[in-house]
There are 2 protein chains.
Amino acid sequence: MTHAERIARLRLIRTPNIGPVSWRQLLQRFGSGEAALDALPDLALRGGRATLRIASAEAAECECDRVAELGARYLFIDDADYSPLLRAAEGAPPVLIVRGDSAMLARPCVAIVGARNASAIACRFARQLAADLAARGVTVVSGLARGVDTAAHVGALGGATAGVIASGIDIAFPPENAALQEKLASDHLLIAEQPPGTEPLARHFPARNRIIAGLAHGTVVIEAAPKSGSLITARRAGDYGREVMAVPGSPLDPRAQGCNLLIREGATLIQTVDDVLEAVGPIDTRMAREPRRDFVPAVAAEPMGDGDRDAVAGLLGPTPVAVDELVRQSGRPAAAVQLVLLELELAGRIERHAGARISLL
Amino acid sequence: MTHAERIARLRLIRTPNIGPVSWRQLLQRFGSGEAALDALPDLALRGGRATLRIASAEAAECECDRVAELGARYLFIDDADYSPLLRAAEGAPPVLIVRGDSAMLARPCVAIVGARNASAIACRFARQLAADLAARGVTVVSGLARGVDTAAHVGALGGATAGVIASGIDIAFPPENAALQEKLASDHLLIAEQPPGTEPLARHFPARNRIIAGLAHGTVVIEAAPKSGSLITARRAGDYGREVMAVPGSPLDPRAQGCNLLIREGATLIQTVDDVLEAVGPIDTRMAREPRRDFVPAVAAEPMGDGDRDAVAGLLGPTPVAVDELVRQSGRPAAAVQLVLLELELAGRIERHAGARISLL
């Protein structure tokens, strides 16, 4: 990939109103980041917006320099060492910023997540499970948070472990994990979606959680309250068709109730490393069994007329509706409907939700 | 039922080599206990045994007197207040000895069982769950053992609770539960299968457990080691087509591993009383939905010739084989095969196993 193309792709994803789904559609439609960038003003105009604040080339160059300075590098979604599992997940990040050994993502991966205020017994369990998985050649993925995440990374240090953070790659959160984060970056793998300098805001955590779920063949939840971020990770894993696993606990412990709920809903109850390996399938064949849903840029449909665009927009409302449903109800080709949605998104008129659903803003 | 018939039935079940299954078949074949008693020597002879030590009339009368003296009474399997649920279970006791209010068994029943060495938290959970169930009109069935059983009975004292013991009805075990056992006998319901004076031997406990499982619409296990008696109760509940429920716990606590195992095998994970009620179904309709598999004495097939008997015996070996399989392989009518098996059992030549399976002794 040329430097100019990398910069163009980076400018696209750093532009407001362009999320992972529309980024992918732009590249599929226009064949390259550079071509998509050229087409942006026109698309936004057709969507109903006169001016679109596109991320500048200067800002992108500056970010590139900073990434290099930090000893980090970009992994684009079509790079060979971008995780094929994550690539197959809906809304996968177009680009990651990583430090360390990205080949760890080519091994079988299992995510271990859980409560920040976990009990001592849960942390001990997480550490031991991670050590056992690492000893069996599994890369342990987690989020470098307090409690279960930390225990999982520490347990897997003798093998391979990948930490996915909600901040930029140069910011350690929580501060007490700065040394562990640096250890992962130097000896294992550290992954960030946000550009350097980004503080970990609340809205970044669910986005981080989808990456953890997307990287792994399965997610094990150890102690989680019913409305915790760990359950978001578990539900994302389920959305992606991955194994959802949970370690049970006493119903009288609020920290166990989320895990018990997951098990009631069908998650696999985990007591030992063998339970995990049985759930995610034989290590040797697991990578091969995963569906290859590669990212292939390709030129797609022609734009529609204004009438058609209004017809699609008219089907939208504040309640999210599935893209498939829009295609069915509008009677237009899927590629054409996707293009209209792209235009509307660039114009800041719609919002994308999980499960390929769309609502008006 | 006449006194003579009661004595005859009692003599049958107190005779060695006559278990619950053959007792039932004897009554079905001969229409009454008295007729079956008359036929016994002949049957045993055909099975290959010259003399059968039949329980004496004197011993049966003596037991009857003792039961009355203890303020207890017999419940025969075809008595109106014998639990219809238990009657429907394979190998149900032909006769129970009870003290207290047997009408409690006509309500929805849930068994709560678990570890004798249960943790404080598990006992608290058992007590609360039992209290919640009792408050909803459910009879709580358990085994009066230390730990979870005791907590369950105590929790349900405000409603209805039935205790099933492995000893005779006049023996309290463990000794520290003597007062609780007496309380159940006077205000609730106390049930024994063994005659008065029987000490609780190891082999009586699995038999007691089948009664607990058989009496209840579902069994909840709270803390149980992987090879504990509570798991036997749970598996029996499963055999009988009842709900199997388990309360999870940390995999690092050996007392939780049996419950977690049950959940992995498909038992419903229980966190609250509502989870139990949802699993066993709506209280109002549950009793009506239960299949009525009543006990009906009826005259059955003619005895077979010696050649046929040898043919059936020839199909048996030390490995248990299903009665259905014997019927299929022998090509004889089911009733005739059952009769041969009865004869062989009376002669002490075969053993019956769960799931209507038979082996040579």
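Throughout, a chain's letter reflects where its sequence line sits, starting with A, and its residues are numbered from 1.
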*Crowding at CZ, B/R116 (>12 non-hydrogen neighbours, <6.0 Å)*: no
*Under a 4.5 Å heavy-atom cut-off, does chain A meet the side chain of B/D253, its backbone, both or neither?*
neither
*Could you tell me which of B/N260, B/L252, B/I222 has the largest number of non-hydrogen atom pairs under 4.5 Å with chain A?*
B/N260
_Minimum heavy-atom distance between A/P248 and B/P251, given as atom pair plus value_ = O-CD, 3.8 Å
_Need one label for A/Q257: side chain, backbone, both or neither, based on atoms under 4.5 Å from any heavy atom in chain B._
both
*asked:* With a strict 4.5 Å heavy-atom criterion, list every residue of residues 183-190 of chain A that contacts chain B, or say none.
replied: none
*Please list, chain by chain and in numerical order, all residues satisfying salt bridge (Lys or Arg N to Asp or Glu O under 4.0 Å) with B/R236, sequence neighbours excluded.*
B/D239
_Proximity of residues 119-129 of chain B to chain A, residues having a non-hydrogen atom under 4.5 angstrom_ = B/I121, B/R124, B/F125
_Contact check, side chains of B/S250 and A/S250, non-hydrogen atoms, under 4.5 Å_ = no
*Residue-level contacts of residues 261-274 of chain A with chain B, using a heavy-atom cutoff under 4.5 Å*: A/L261, A/I263, A/R264, A/T268, A/L269, A/I270, A/Q271
